[in-house]
Structures are given as C-alpha cells and as structure tokens.
Amino acid sequence: MKIQAILEFDLVDWDGIPVDDRELFDLAARDTDHAIRTRLMGAGFLGTDAIIRTWTLRVSVRDEPPGEPDPPD
C-alpha cells in the first residue's frame with residue numbers, strides 16, 4: 001500500500017489578483033519542492049511507530065486557468 005498526497009495551489013498577489021507570470025510559477029514550484037524535501041520529509045513528521053522508507057515527489061506547473069481543485073482519484 002502507499003499514501004498519495006496531492007498539493008495543488010494557484011498563485012495570487014497581495015491584492016488577491018491571480019498571478020499570470022510563468023517565471024513566478026516556476027519559482028514557486030522550485031521552492032515548494034525544496035520545502036517538502038528539506039522540511040517535511042527531511043525532518044520527518046510521523047510518530048515513532050512509523051517511518052517512511054521510500055518516497056517520490058513530483059512538482060510541476062500545469063498550464064491551465066485557475067479554478068476549482070480536481071477531485072481526488
């Protein structure tokens with residue numbers, strides 16, 4: 001068995017206006033990848049009765065308009 005967690009978000013500026021700058025999306029994807037790898041997975045987050053042996057992280061930018069999140073599979 002495996003656990004799948006999906007984090008998907010849109011970017012908005014401080015006024016709540018959607019961001020439409022590919023470079024900012026690429027930076028956000030890179031920073032998200034780094035944060036998960038170093039802070040969440042690197043430091044661990046589960047109780048002492050479970051460990052994570054192997055894990056895969058896929059971070060990408062999807063070229064589509066912002067909207068409602070996709071329902072989980």
**Student:** Taking all atoms of both residues into account, what is the closest heavy-atom pair of V19 and D13, and its distance?
**Tutor:**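 Reported closest heavy-atom pair: CG2-N, 3.8 Å.
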**Student:** At what distance, to the nearest 0.5 angstrom, does CG of D10 lie from CZ of R62?
**Tutor:**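 D10 CG to R62 CZ: 9.5 Å, rounded to 0.5 Å.
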**Student:** Count the heavy atoms belonging to other residues, nucleotides or ligands that lie under 6.0 Å from CG of D20, then report whether that count exceeds 12.
**Tutor:**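 Check fails, neighbour count at 12 or below.
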**Student:** Can you list every pair that meets side-chain hydrogen bond (donor to acceptor under 3.5 Å, both in side chains) and has a residue in residues 23-32, with sequence neighbours left out?
**Tutor:**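 Passing the test, one end in residues 23-32: R22-D26.
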**Student:** Quick check: closest heavy atoms across A29 and V59, and the distance to 0.1 Å?
**Tutor:**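 In terms of heavy atoms, the two residues are closest at O-CG1, 3.3 Å.
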**Student:** Do you know the tightest heavy-atom contact between L24 and L11?
**Tutor:**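 Heavy-atom minimum between the residues: O-CD1, 3.9 Å.
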**Student:** Under the criterion side chain to side chain contact (heavy atoms under 4.5 Å, CB included), I'd like the reasoning laid out for V12 against I17: C-alpha separation, chi angles, the key distance, then a yes or no.
**Tutor:** CA-CA 5 Å; V12 297; I17 299 170; over 6 Å; no
